[in-house]
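Presented below is the structure to which this report refers.
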Amino acid sequence: MAEQVKQPKEDKEAQAVASQNGRNGKNGKEDKKADKLYRLRHSLAHIMAQAVLELYPEAKIAIGPPIDTGFYYDFDLGVDEEGKPRTFKPEDLEKIEKRMREIIAQRLPFEYREVTAEEARELFKDQPYKLELIEGLEKGEVDEYGNETQEKPVISTYRQGPFEDLCRGPHVEHTGQIPPDAFKLLSVAGAYWRGDENRPMLQRIYGTAWANKKELKNYLHMLEEAKKRDHRKLGRELEIFIFDEEVGPGLPLWLPNGGILIEELEKLAKEVEERAGYDRVRTPHVTKEALFLRSGHLPYYAESMFPPMEMEGVRYYIKPMNCPFHHKIYGSKVRSYRELPVRLAEYGTCYRYEKSGELFGLMRVRSMQMNDAHIYCTEDQFEEEFLGVVELYNYYFKLFGIDKYVMRLSTHHPKGLGKKYVDNPRLWQKTEEMVRRAMDHGNVPYVEVPDEAAFYGPKIDVQIWSAIGKEFTLATNQVDFAVPERFDLTYVDKDGKEKTPLCIHRAPLSTHERMIGFLIEHYAGNFPVWLAPEQVRIIPITDAHHEYALQLEKRLRDAHVRVKADLGSERMNAKIRSAQLMKVPYMLVVGDREKEEGTVSLRRRDGKRRNAMPVEEFVALVTERIATRSPEL
RNA sequence: GCCGACGUAGCUCAAUCGGCAGAGCAGCUGUCUUGUAAACAGCAGGUUAUCGGUUCGAGUCCGAUCGUCGGCUCCA
């Protein structure tokens with residue numbers, strides 16, 4: 001982790017780029033630092049801090065790095081007369097912005113100097129957050145943002161006008177180089193000091209900054225456009241899901257259209273997994289406490305679990321994961337090396353008590369249906385099995401046309417052994433190496449991020465971004481070298497001895513919730529024919545054509561096409577409009593001519609039309625698109 | 001969970017200083033019988049999220065709760 005406190009998107013993108021350039025994180029980062037926009041944004045962060053200090057002299061400043069669309073700075077405004085933490089109000093941003101423009105107009109030079117730890121401490125004696133950073137710099141463990149670093153500590157500052165900040169730079173030469181009309185302060189947010197929820201909450205101001213006014217305008221426009229494909233908006237408009245206050249936060253209700261998406265995804269998964277040698281199993285939603293004690297989820301994972309319920313003196317939990325059940329199924333009989341790998345699959349419904357503020361539409365919910373499976377295999381089989389899962393990802397991603405993602409290898413960190421991670425350094429190193437080798441042999445590009453592993457082993461996550469730029473893990477592929485042992489899972493090897501299998505946890509299609517949330521945005525609601533909840537809408541021109549429309553509807557329904565004849569009293573144009581708004585792929589307009597000739601007038605969602613198409617030709621077209629899961633209209 | 005903002009009809013949004021809750025779309029009824037993105041008319045729709053307070057009077061001011069949104073933390 002470098003560059004900034006917990007700003008994973010920026011960081012990981014940087015690393016992803018780096019990895020494509022021969023996996024040299026350093027170069028990617030240095031290129032970025034030299035970047036003009038980087039200097040501009042970084043400089044604006046300093047200018048904002050200066051403006052805030054001038055307007056709120058009591059403020060304490062924390063850190064203020066550039067990010068991929070702008071910059072932020074964290075402040076501590078102290079407490080008010082009643083002892084409550086003082087906060088920025090949205091209207092304060094205007095004042096600050098105005099002051100920033102005044103500073104820019106002064107064309108203040110940015111002056112660099114190196115200082116000793118002593119000088120730095122004197123300089124920032126009234127700034128406790130800076131003092132803490134200086135201490136870290138002096139020890140050589142962290143950079144000026146408090147992130148871990150290997151570099152030798154040089155303590156330096158940049159000063160513009162009266163404001164001097166602990167900083168490594170680089171910056172623009174003087175404030176006049178910053179276009180005053182190409183930045184905007186966007187929002188205030190609370191942010192914990194050093195990302196630690198046990199430490200004070202600071203006030204963070206986010207700003208966006210660009211090379212010129214036009215780029216700023218483009219960016220703001222892009223944000224507006226992104227909102228239009230936000231799955232929360234489209235999900236309601238396309239009648240895919242809703243949330244209901246009385247049901248509860250994070251508990252989606254799938255409307256009939258959402259039900260169809262789910263059915264189609266499950267059908268896909270079943271076909272693919274059957275071909276790949278998986279067996280399907282089913283397991284209960286509730287289990288005794290004992291199972292999760294054995295798996296290690298309790299107490300480690302208890303915070304994310306719904307609280308237990310007690311019946312006849314026994315505590316039961318609702319499951320947050322399917323693995324322990326699958327382990328039990330694996331362990332239900334003696335396994336020979338001959339039957340390995342054993343692959344157990346289930347679209348299991350799990351419940352996790354995500355904190356209220358973490359919920360986000362369908363992307364982060366409390367009830368979820370996972371495309372789950374566990375593969376039990378020998379070490380010799382591991383590489384092939386692991387790559388087999390990666391092949392599944394690639395198959396699915398190609399099918400959906402998903403190309404903007406990053407595969408992330410999450411490894412352990414020695415400092416977490418025995419706490420966050422199972423205490424077995426040898427197996428950590430070994431399995432991490434196995435994953436790296438598998439990925440290299442499969443020629444799969446990935447980014448490596450330390451200290452992000454599961455508690456039982458390293459994993460490959462597929463990272464994607466929502467319409468509004470939030471990062472999520474879509475699919476996951478995890479190695480588990482610890483839990484099979486806890487469940488006494490074994491197989492009898494060639495030599496007659498019992499051995500512990502490795503377990504691979506995988507969910508290439510994610511959960512229905514996150515997958516569908518993502519797909520809504522990915523397609524902007526324009527699902528390919530096979531996924532579209534309604535595939536064909538028949539639009540009779542007058543009620544004289546209703547009968548023909550119903551005939552067509554029956555013909556298509558017999559061919560297993562999802563079709564609706566619109567027999568409403570609106571005019572044809574209005575019916576077309578409503579089908580367009582629901583993003584139905586095919587509209588069949590039928591009037592006298594079509595009825596006469598036994599044809600349809602095809603209008604596609606993209607506006608393209610084909611008149612006088614014989615009915616059977618259309619049936620052949622739509623059934624072919626569905627059968628092949630074609631991306632084409 | 002924490003910081004900030006917000007919550008008015010199924011949906012999108014009005015309601016000036018605290019003074020009679022309103023419009024468009026959707027829905028229902030009727031008329032129109034229509035050729036590729038919105039026919040016309042009428043009707044109905046509300047305990048202004050919930051609970052409490054201030055006031056002659058609260059959608060509007062204050063408090064609590066619930067929910068949503070932007071972040072932080074956390075994660076499929």
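Each chain gets a letter, A, B and so on, in the order its sequence line appears, and its residues count up from 1.
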Does the base of A37(B) carry an N or O that pairs as donor and acceptor with the side chain of Arg603(A) under 3.5 Å? yes
Would you mind telling me which of G1(B), A76(B), A39(B) lies closest to the side-chain atoms of Tyr192(A)? G1(B)
Counting Watson-Crick and G-U wobble pairs only, both distances under 3.5 Å, name the nucleotide matched with C6(B), or none. G67(B)
Applying the Watson-Crick and G-U wobble criteria at under 3.5 Å, what pairs with G45(B)? Answer none if nothing qualifies. none
For U8(B) and U68(B), measure between their P atoms and round to the nearest Å. 14 Å
If you measure from the C1' atom in C17(B) to the same atom in U60(B), how many Å do you get, rounded? 11 Å
Per nearest nucleotide of RNA chain B, the residue lying toward the 5' end, Arg366(A) or Ala574(A), is Arg366(A)
Which residue, Arg236(A) or Thr542(A), contacts RNA chain B at a nucleotide closer to its 5' end, judged by nearest heavy atom? Arg236(A)
Would you tell me if any nitrogen or oxygen in the side chain of Arg232(A) comes within less than 4.0 Å of OP1 or OP2 on C69(B)? yes
Base, sugar-phosphate or nothing for Ser510(A)? Non-hydrogen atoms, less than 4.0 Å. sugar-phosphate
Counting only distance, no hydrogens or angles, is the base of G1(B) paired donor-acceptor with the side chain of Glu303(A) under 3.5 Å? no
Under 3.5 Å side-chain donor-acceptor pair for Arg204(A) and Tyr206(A): yes
Mate of G52(B) where both pairing distances stay under 3.5 Å, Watson-Crick or G-U: C62(B)
Do Gln580(A) side-chain and A38(B) base share a donor-acceptor contact under 3.5 Å? no
With rounding to the closest Å, how many angstrom separate the P atoms on C75(B) and A37(B)? 50 Å
The side chain of Arg571(A) lies closest to which of these nucleotides: A76(B), G71(B), U34(B)? U34(B)
Counting only side-chain nitrogens and oxygens, does Tyr301(A) get under 4.0 Å of the OP1 or OP2 atom of C75(B)? no
Hey, can you tell me if Tyr351(A) and His285(A) have their rings parallel, tilted or perpendicular (30° and 60° cut-offs)? tilted
Whole angstroms only, please: what is the CZ-P distance between Arg609(A) and A37(B)? 7 Å
Any luck finding a side-chain donor-acceptor pair between Thr283(A) and Lys319(A) under 3.5 Å? yes
Reckon Ser356(A) touches a base, only the sugar-phosphate, or nothing at all at heavy-atom distances under 4.0 Å? base
I'd like to know if Arg204(A) reaches the base of C72(B) with its side chain such that a donor and an acceptor end up less than 3.5 angstrom apart. no
Donor-acceptor pair under 3.5 Å, Tyr353(A) side chain vs G1(B) base: no
Taking only side-chain N and O atoms of Lys459(A), does any of them lie within less than 4.0 angstrom of OP1 or OP2 on A76(B)? yes
Looking for any heavy atom pair under 4.0 Å, which part of the strands does Leu186(A) touch: base, sugar-phosphate only, or nothing? nothing
Sugar-phosphate only, base, or nothing, as touched by Asp592(A) at under 4.0 Å among non-hydrogen atoms: base
Using a heavy-atom cut-off of 4.0 Å across all strands, would you classify Phe360(A) as base, sugar-phosphate, or nothing? sugar-phosphate
With rounding to the closest Å, how many angstrom separate the P atoms on A23(B) and A14(B)? 16 Å
Under 4.0 Å, heavy atoms only, any strand: does Met572(A) hit a base, just the sugar-phosphate, or nothing? sugar-phosphate
Which one is paired to U33(B), where only Watson-Crick or G-U wobble pairs with both distances under 3.5 angstrom count? none
Return the nearest nucleotide to the side chain of Ala189(A); candidates are A37(B), G70(B), G1(B). G70(B)
Quick one: is U12(B) close enough that its OP1 or OP2 comes under 4.0 Å of any side-chain N or O from Lys233(A)? no
Side chain of Ile541(A) only, heavy atoms from C-beta on: which candidate in C3(B), U34(B), A38(B) is closest? U34(B)
Aromatic plane relationship, Phe518(A) with His522(A) - under 30° parallel, 30 to 60° tilted, over 60° perpendicular: parallel
Check whether the side chains of Asp372(A) and Tyr347(A) place a donor and an acceptor atom closer than 3.5 Å, and report yes or no. no
Please give the distance between the C1' atoms of A38(B) and C2(B) as a whole number of Å. 47 Å
Using a 4.0 Å heavy-atom cut-off, does Asn611(A) contact any base of the nucleic acid, only the sugar-phosphate backbone, or nothing at all? base
Option from His512(A), Glu266(A), Glu273(A) for which side chain to side chain donor-acceptor pair (under 3.5 Å) with Asn371(A) holds: Glu273(A)
For C72(B), glycosidic torsion class - syn if within 90° of 0, otherwise anti: anti
Whole-angstrom distance between C74(B) and U12(B), as gauged at atom P: 33 Å
Taking any strand in view, what nucleotide pairs with G18(B) in a Watson-Crick or G-U wobble way, both distances under 3.5 Å? none
With sugar-phosphate meaning primed atoms plus P, OP1 and OP2, does Asn573(A) contact a base, only sugar-phosphate, or nothing at under 4.0 Å between heavy atoms? sugar-phosphate
What is the nucleic acid contact for Glu513(A), judged by heavy atoms within less than 4.0 Å: base, sugar-phosphate only, or nothing? nothing
Find the partner of G24(B): check Watson-Crick (N1-N3 plus N6-O4 or O6-N4) and G-U wobble (N1-O2, O6-N3) distances, both under 3.5 Å, and reply none if neither fits. C11(B)
Touch check for Lys575(A), heavy atoms < 4.0 angstrom, all strands: base, sugar-phosphate only, or nothing? nothing
With P as the reference atom in both, quote the distance from G67(B) to C40(B) in angstrom, rounded to an integer. 43 Å
With a non-hydrogen cut-off below 4.0 angstrom, is Glu594(A) in contact with a base, only sugar-phosphate, or nothing? base
Assess the side chains of Gln580(A) and Arg603(A): does a donor N or O sit below 3.5 Å from an acceptor N or O? yes
Once you apply the 3.5 Å cut-off to both distances, tell me the Watson-Crick or G-U wobble partner of C74(B), or none. none
Check whether the side chains of Glu303(A) and Tyr353(A) place a donor and an acceptor atom closer than 3.5 Å, and report yes or no. no
Just by distance, no angles: are the side chains of Gln463(A) and Thr473(A) close enough, under 3.5 Å, to form a donor-acceptor pair? yes
Same-atom distance (C1') from U29(B) to A44(B), integer angstrom: 10 Å
Identify which nucleotide among A76(B), A5(B), C32(B) has an atom closest to any side-chain atom of Thr476(A), counting heavy atoms from C-beta outward. A76(B)
